[in-house]
Every structure is written in C-alpha cells, then in structure tokens.
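Inspection log for the structure reproduced underneath, given as structure tokens.
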Amino acid sequence: MSLPPIKRVLLKLSGEVLMGGQQFGIDPAFVAELAKEVKAAKDTGLEICLVIGGGNIFRGMAGAAAGMDRAQADYMGMLATVMNALAMQNALEQIGVHTRVQSAIQMDQVCEPVIRRRAERHLEKGRVVIFAAGVGSPYFTTDSGAALRAAEMNCDALLKGTSVDGVYDSDPKRNPAAKRFDTVTYDRVLADNLKVMDASAVALCRDNEIPIVVFSIREKGNLARVLSGEGVQTIVQDN
Ligand code: UDP
C-alpha cells in the first residue's frame with residue numbers, strides 16, 4: 001500500500017518537537033531545523049499547510065487534572081499553539097519562505113483569522129499557511145484541527161511528524177517487543193485504540209479518505225524521504 005500522488009499536504013507537528021532537546025517551551029535552533037525540512041519539502045513543488053500543537057507549553061487535560069476548569073485550560077492550550085505558529089512563521093521567513101498564520105481564535109494584531117478562500121490564495125501564491133488554535137473550541141485537540149483543515153483545504157494526505165517513527169501495536173517506550181505497522185486501517189486504529197491521533201481526528205480522516213502518515217520529524221531529511229516513499233513511516237488508510 002502506498003500513497004496516492006501528493007500535491008498538497010497538511011503537516012501536523014506535535015508541540016513537543018519544538019522543544020528540541022529541552023524539557024519545555026521552544027528551542028529556536030531546533031525550530032530553525034524544522035523550518036529547513038519544511039522548505040525542502042516545499043521546494044519540491046508541494047503546497048504545504050501546517051498545524052502545530054501546543055503540548056510543549058500547555059495542555060488543557062494537564063490543567064484540568066491539576067484542578068483547573070477544563071474549558072479555560074483548553075483555551076490556554078489553544079493560545080500556546082498560536083505561539084508555536086508564530087515561532088515557526090519566524091523561522092520559515094528567516095529562510096525566505098513566505099508564510100501566513102491563520103488562527104481559529106481571532107487575534108488581528110498578530111495573524112489572520114481562518115478564511116479558507118484566503119488560505120487557498122496563499123497556497124496558490126506559494127506561501128505556507130500555518131493554521132493555529134486548533135478548531136477554536138475546547139474539548140478538541142490540534143489533531144482534530146489538523147484533520148479538519150486537511151479536509152477543508154482538500155489536502156492529499158495528513159502527515160503527522162512526531163517523536164516516534166510510526167504506529168506501534170503497543171507503546172515502544174515501554175515494550176521493547178512492540179511492532180511498528182507499515183500500514184494499518186483507520187478501523188483497526190479506532191478499534192484497538194492505537195496511539196495515532198485522537199479518535200475524532202482519525203474518524204474525520206477516514207470519512208474524507210485522507211491518508212494519515214505517521215513519521216519521526218526529529219531525524220534530519222526524514223520529511224523529504226517520507227514524501228518520496230522511502231522513509232520509515234506508518235500509513236493509515238483503508239485497504
Ligand atoms: N486545544 C483545544 N482545542 C483545539 C486544539 C487544541 O482545546 O481545537 C487545546 C487543548 O487543551 C490541547 C492544547 O490546546 O491540549 C494543545 O494542543 P495539543 O494537545 O493537540 O498539542 P500537541 O499534543 O499536538 O502538542
């Protein structure tokens with residue numbers, strides 16, 4: 001099973017990859033490395049939409065577990081994703097990649113609101129569009145935001161760049177015998193609760209036939225390898 005031809009992708013990066021080697025926050029040097037990966041992919045002619053999580057700064061669930069109101073904590077998480085988006089925009093523009101940030105929570109002084117037709121125009125003009133603040137509502141994650149934007153923007157695939165090199169049948173950090181899937185169906189992911197993305201994001205991709213590619217973004221050059229079909233990855237799609 002391989003990917004269909006890809007012209008436009010949505011690249012979802014977990015917030016934690018922006019930490020580089022740190023335990024928290026944003027490592028500008030590592031964000032610069034990530035930006036180079038994005039540029040290399042863009043230079044092959046791809047149209048790129050980006051969604052970045054906020055887990056390196058704040059997660060609503062963690063706030064709620066510590067006694068905060070969940071919705072309030074989730075809004076803080078969404079604001080964290082905007083900070084990450086601005087950091088990535090900065091890094092991309094420093095290497096000459098024109099970039100626009102569109103946020104699902106309006107904040108006119110720092111970025112545009114999400115306007116699909118305007119985003120289309122940006123892509124046509126060769127700009128990278130970073131969608132921030134997830135879906136703009138609490139009780140969701142940026143995975144759901146990524147699936148939603150991938151559907152809305154007619155992306156050919158959702159690439160999830162994370163710290164692990166694919167989807168395993170159990171947690172590879174705890175179980176050394178865990179096996180990585182080369183390919184797996186959406187229904188298996190949902191039935192076995194495999195750690196890919198949250199269930200609503202997987203279901204949205206399934207219903208809109210958007211393949212999900214899970215790979216490690218921490219290794220240099222991996223994004224380009226995955227896009228050329230040579231990298232280590234797991235593809236989630238129907239048989
Ligand atoms: N969040 C939210 N609604 C959304 C997207 C994000 O409430 O549509 C909040 C939620 O609290 C989440 C946090 O923002 O924990 C950061 O996003 P996420 O956990 O998806 O980041 P990642 O794990 O990808 O770094």
Side-chain angles (χ1 to χ4, degrees), residues 9-27 30-31 34 37-38 49-89 91 101-107 110-111 113-114 116 119 129-153 158-167 171 173 189 193-205 212-218 223 234 236:
V9 288
L10 189 136
L11 175 62
K12 156 80 208 291
L13 301 179
S14 347
E16 65 176 21
V17 297
L18 271 63
M19 299 191 298
Q22 300 172 180
Q23 296 301 309
F24 176 82
I26 298 170
D27 175 357
F30 196 74
V31 178
L34 292 171
E37 297 274 309
V38 174
C49 303
L50 260 177
V51 167
I52 308 175
N56 53 323
I57 300 171
F58 197 82
R59 276 207 178 89
M61 292 276 261
M68 288 185 71
D69 173 71
R70 169 74 191 269
Q72 181 83 346
D74 277 341
Y75 278 111
M76 290 171 65
M78 284 184 261
L79 296 181
T81 73
V82 179
M83 291 173 65
N84 285 337
L86 294 179
M88 180 57 81
Q89 178 179 39
V101 175
Q102 293 200 343
S103 171
I105 294 177
Q106 214 160 322
M107 42 183 97
V110 289
C111 57
V114 176
R116 187 179 65 83
V129 181
I130 308 180
F131 292 103
V135 305
S137 299
Y139 293 91
F140 283 93
T141 66
T142 46
D143 284 344
S144 293
L148 173 64
R149 301 299 168 217
E152 195 176 11
M153 298 304 297
L158 192 166
L159 270 57
K160 175 156 171 159
T162 179
S163 308
V164 281
D165 61 0
V167 181
D171 185 350
K173 285 179 191 147
V189 166
N193 197 18
L194 298 175
K195 299 282 170 261
V196 178
M197 300 200 298
D198 57 82
S200 53
V202 175
L204 198 56
C205 287
I212 305 167
V213 184
V214 183
F215 69 103
S216 167
I217 189 79
R218 286 190 183 271
L223 175 59
T234 297
V236 184

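Basis for what follows: all heavy atoms, side chains included, without hydrogens, waters or symmetry-related copies. Every number for a ligand or one of its atoms is a count from 1 in the order of the listing.
Panel note: side chain Thr234, backbone Val167; a donor-acceptor pair is recorded below 3.5 Å. Counting only distance, with no hydrogens or angles, the side chain of Thr81 and the backbone of Ala133 share a donor-acceptor pair below 3.5 Å.
Asp143 has a carboxylate O that lies under 4.0 Å from a charged side-chain N of Lys160, or vice versa, which qualifies the two as a salt bridge. No salt bridge links Asp171 with Lys195; every basic N to acidic carboxylate O contact stays at or beyond 4.0 Å.
Ranking the protein heavy atoms by distance from atom 2 (C) of ligand 1 puts Phe140 O, 3.1 Å first. Counting protein heavy atoms only, atom 11 (O) of ligand 1 is closest to Asp74 OD1, 2.5 Å. Of all protein heavy atoms, the one closest to atom 18 (P) of ligand 1 is Thr142 OG1, 3.4 Å. Protein heavy atom nearest atom 19 (O) of ligand 1, with residue, atom name and distance: Arg59 NE, 3.2 Å. When only non-hydrogen protein atoms are considered, atom 21 (O) of ligand 1 lies nearest to Gly54 N, 2.9 Å.
When each of Arg149, Glu152, Lys12 is checked for a side-chain contact (heavy atoms from CB on, under 4.5 Å) with Phe131, only Arg149 meets the rule.
Proximity of Ser14 to ligand 1 is established by a heavy-atom distance of less than 4.0 Å.
Nearest to atom 15 (O) of ligand 1 by heavy atom, out of Gly60, Ala132, Gly77, is Gly60.
Here is the list of ligand 1 atoms found below 4.0 Å of a heavy atom in Ser137: 2 (C), 3 (N), 4 (C), 7 (O), 8 (O). Listed by number with element, the atoms of ligand 1 under 4.0 angstrom from any heavy atom of Pro138 are 7 (O). Remark: ligand 1 atoms within the under-4.0 Å shell around heavy atoms of Gly134 are 4 (C), 5 (C), 8 (O). Using a 4.0 Å cut-off to heavy atoms of Gly15, the atoms of ligand 1 that qualify are 22 (P), 24 (O), 25 (O). Distances below 4.0 Å separate heavy atoms of Thr141 from the following atoms of ligand 1: 4 (C), 5 (C), 6 (C), 8 (O), 20 (O). Interface of Lys12 with ligand 1, defined as ligand atoms under 4.0 Å from a residue heavy atom, comprises 24 (O). Close approach to Gly55 involves these atoms of ligand 1, each under 4.0 Å from a residue heavy atom: 21 (O), 22 (P), 25 (O). In the vicinity of Val135, heavy-atom distances shorter than 4.0 Å reach the ligand 1 atoms 4 (C), 8 (O).
Under 4.0 angstrom from ligand 1, the non-hydrogen atoms of Phe58 all belong to its backbone.
Contact check for Ile57 versus Met83: side-chain heavy atoms found under the 4.5 Å cut-off. By the 4.5 Å heavy-atom criterion applied to side chains, Leu159 and Leu223 are counted as neighbours.
The list of side-chain hydrogen bond (donor to acceptor under 3.5 Å, both in side chains) pairs with a residue in residues 53-65, not counting sequence neighbours, reads Asn56-Asn84.
Atom-to-atom distance recorded for Ser137:OG and Met78:CE is 6.5 Å, nearest 0.5 angstrom. With values rounded to the nearest 0.5 angstrom, Leu11 atom CG is found 9.5 Å from Glu37 atom CD.
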